[in-house]
Structure formats: structure tokens, C-alpha cells
Amino acid sequence: MIWLSVTARIALLSILLALVSNLVLVAFVWKVVRDDAIDELRRDTIEQSDALIAVYRSGGLPALGRTIREARTPGDVSRIVAVIARDGRLIAGVGPELDGFARWPNLGFRIRAIGSPWADREVGYAVRQIGPYRLVSGRVLDDWDAEQRGIERGLAAAMLLSLALGVGGGLVVTRYVGRRLDRVADVIEGVAAGDLSRRVGNAASGDAFDRLAVRLNAMLDKTERLMSELRIVTDGLAHDLRSPLARLRAKAEAAVLQADPAQREAAMGGLLIETDLVMRMLSTMIEITRAESVSRDRLARIDPATLVEEIADLYAPVVEDEGMRFEAIVAPVLPQITLHRELMTQAIANLIDNALRHAVQGGEIVLRLALRDNEARFQVEDRGPGIAEADRAEALRRFGRLDRARSLPGAGLGMALVEAVARLHDGRVELQDNAPGLIAAIVVPISR
């Protein structure tokens, strides 16, 4: 069985199940038919015995003997009616030879073989006590046995037919399963060959294969999205690192060539600034990867108001030092939310850093926690130039930088980290106008 394919095993299993179920059904039908036949024979035999006993009670042994003789049908050797004395003598009787009947002392109904010379034929009989005698009445079961054999032959034919149908059904199931599995295998082979656009067809029947197709397609969608992001990240990282590394090399060369200690010190300072920029880019990339790969069991139920207040206490002095007003507004009643505390803190801090970088001097920054439509909104509001609606998708893309931001230090990864953290929490990032300024919000569901 080990060398058989999966579809062959399914076919054999279907055939085996059909065979077992049919054997059980045939055995059940045979037993029910046999039990019904025996019950009917018992009722007829008891009724016959009751009628003969009534004759004996009304007319005695002579009347019973006449009744037995009159009931005898010429040529009928299947019927048994006998009156046996205590010493085993046959007082009256009709039917086959009854030599052995004298040794049947037990009362009641039973079925047994009467032996030679009747080829071990079975007899259904009842033994009743009438005065000093025993009344034996019954019938040789030749006809009953013939009917049983006919029923058994019919059941055997039905079993063979059902077995043939089981084989046919197994082949149909095997073909169906094989075709569905071949489609899945074709898609997997295509993806392995590099075609990430391949998907498994869905018959919309709701069976296990459709559920497998839905899950496999979802996995392929995610894989395609991740591969696209990986290409974007790789291209963007190579592009954005080219300039800092070139500047690093130029400033390192200038520092080496400078003879004046003061100029060498200034060149080394610029070298450190460029090094810090590259390190921030790499650190942010690591944070994004961490946010996308973190396990859900790392999330915990926390109080969002406490989280926002801690961030506000940390950033209020920083914002005020930049000459702007900082305000934290928290909704009065909020339930606990399942969050990753460190990553959510980093994402909100990125939004505040962006607001600090782009807000107008003398303006304000508001950190707000609100509840709307069973969703918690962590939003940072500033009074800067804002982002046009057509540019918001670019602002959320990795290494995406708007034209006016290219003169500022940064790699365009801050908002990408924010979006990765939002996806981790089954949420989203929303950018809205603040008239003037920008409202950047991380929206996460409260109950998940």
C-alpha cells in the first residue's frame, strides 16, 4: 500500500467502504427476514397446537386421533402432528417417520435437524403436554429453506452489484479528487517556476477543496505582495543608500586628505552624520520587518489611554523646545485593546517626529485618542503644509518621499513602519486634511 498513489488509496478506500457497508446491509436484511420467518412459523405452530389441544379437551384422545387423520393430506410429508405416549409409543401421527420424536421431552417451540433418512432436514416444532401424552406439531422446513436460499442468492447478487457500483463510484471519486489535486499541483509548480500570478480555481461549492483553494490563494496573494514589497525595498534601499554611501566615501576621503586639524574635525563630523543616516535607515528597515513578522501571541491587552499619556509625557518637552504647543486629548471612556506596546509606541512616535519635521514654527501638535465605530484612533494633528490627496499613497510607500521632503534628512521609511504596525493590529493608516495641516491616524479595531 505504501507505493500506491493518494488517488489510488482513495479509490481503494471507497471500494472497501462500499463492500463493508453492503456486507453489513446484507447481513442485516438476512437476519431480519430469517427472524420474521421463524416468528411466523412459531405463531402458526402454536396456533395449530392450541387448536389440537382444544379438540383433545372436548373429545379426548379418540377425537384428537380422528382430527389428525382427517387433517392428513395425501402426499404431504412435510407436516408433522404426533401424539406420543410416556413410554415413547406413537399413539397417533401424520408426517415422516417419528422414531426419534419419543426422545424429545422438552416442552416449547424449537428448530432442529431430524437427521437420517431425511438428509438432516430441519423441523420447526412445538411440544405440548396433553394429559399423559406429548403433542408434537410442526413442519419440515424444506420450503422455508428454499425460500432462504433464494433470499440469500438475491442478497448475494445485490452485494455483487453494489460492489460493482462501489468500484465505479471509487473511480469517479478518484478522478474528481485527482483533477482537483492536479489543478493545485499545477499552480504550485507555476509559482515555483516564478509565476506568482497563478491562482487555484474555486468551484464555489464550499467543499474542502474550495476551502483549500481560498487559503492557498490568500497565501499566494500575501506572497506576491511581500515579493513585490521586497523588490521595492531592495531597489529603494540600493537607490537611497547609494547617495549616503557616496557621501560617506567622499567625506572619509576628505578627512584623510585634510592637513588642518580643524578642517579634519569638521569632515569627521559630517562623516558621523552620514553614518547615522545610514544606520537609521537600516534600523527602520529592521523595525518594519519585525512588525510584519511578529507573532500574534506577543500582543497583550493594555489600556490605550495610559499608552498615549506616557508618549505625551515623553514628547511634550521635545515639542515645546521646538517652539510649538503640544496637547494630548484622550477620550473619557475606552476599553482595553490588544496591542503590541513597543511597536505601537514606535509608530506613534514616528507620526510625532514627522509632525515636528514638517509643522510650521509656532504651530501646535495634538496627540488624540478617540473612539469611533468600535475602532480606536491614535492620531497626530499638525498645522504644517499637509499632504495632497494625490500624494498620500506615495507617502505611505517604502522609500516614498515627496518632492518638498527630499531636502530634509530621512529615507522615506517612517510612514512605511507606521503602516506595517497598523496591519499587524488588523488596522489601517488614514491621512486627512487638518485645514491647514495633516491628520495622520492609526486606526485599529477594539475587539478582535
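This chain uses plain numbering: 1 for the first residue, then up along the sequence.
To the nearest 0.5 Å, atom CG of residue Leu369 and atom CD1 of residue Ile329 are 11.0 Å apart. Summarising the geometry, atom CG belonging to Asp303 is positioned 8.5 Å from atom CD1 belonging to Ile337; distances are rounded to the nearest 0.5 Å. Here the straight-line distance linking atom CG of Leu367 with atom CD of Glu381 works out to 9.0 Å at 0.5 Å rounding. Residue Leu351 holds its CG atom at 10.0 Å from OH of Tyr315, rounded to the nearest 0.5 Å. Taking CG from Leu299 and CG from Leu424, the interatomic distance works out to 5.0 Å, rounded to the nearest 0.5 Å.
Checking Asn350 against Gln346 by side-chain atom types alone, a donor-acceptor pair falls below 3.5 Å.
Side-chain contact between Val184 and Leu216 is present, with heavy atoms from C-beta onward closer than 4.5 Å. No side-chain heavy atom of Glu310 sits less than 4.5 Å from a side-chain heavy atom of Thr345. Residues Ser137 and Thr45 are in side-chain contact: their nearest non-hydrogen atoms beyond the backbone lie under 4.5 Å apart. Considering only heavy atoms from C-beta on, Asp36 stays 4.5 Å or farther from Ile38 through its side chain.
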Problem set entry | Residues Glu322, Arg357; criterion salt bridge (Lys or Arg N to Asp or Glu O under 4.0 Å); working and verdict | CA-CA 10 Å; Glu322 295 294 329; Arg357 186 178 298 110; over 6 Å; no
For this session: Could you walk me through whether Leu339 and His425 pass the side chain to side chain contact (heavy atoms under 4.5 Å, CB included) test, one step at a time?
Result: CA-CA 7 Å; Leu339 298 174; His425 295 86; 3.4 Å; yes
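With Arg383 contributing its side chain and Asn434 its backbone, the two residues share a donor-acceptor pair below 3.5 Å. Judged by distance alone, with hydrogens and angles left aside, the side-chain atoms of Asp373 form no donor-acceptor pair with the main-chain N or O of Glu375 at under 3.5 Å. In this structure a side-chain-to-backbone donor-acceptor pair under 3.5 Å is present from Asp382 to Leu438. Here the side chain of Arg128 pairs no donor or acceptor atom with the backbone of Arg134 at under 3.5 angstrom. Judged purely by atom type and a 3.5 angstrom limit, Asn217 uses its side chain to pair as donor or acceptor with the backbone of Val200.
Residues Glu47 and Arg42 are not paired through a salt bridge, judged by the lack of any N-O separation under 4.0 Å between the basic side chain and the carboxylate. Taking 4.0 Å as the cut-off between side-chain N and carboxylate O, Arg368 and Glu327 do not count as a salt-bridged pair. Between Lys31 and Asp35 there is a salt bridge, since a side-chain N of the basic residue sits under 4.0 Å from a carboxylate O of the acidic one. A salt bridge is absent between Glu320 and Arg325; no separation between the charged side-chain nitrogens and carboxylate oxygens falls under 4.0 Å.
Across every non-hydrogen atom of Ala440 and Leu431, the tightest pair is CB-CD2, 3.8 Å.
Partner of Asp221 under the salt bridge (charged side-chain N to carboxylate O under 4.0 Å, His left out) criterion, chosen from Arg198, Arg199, Arg215: Arg199.
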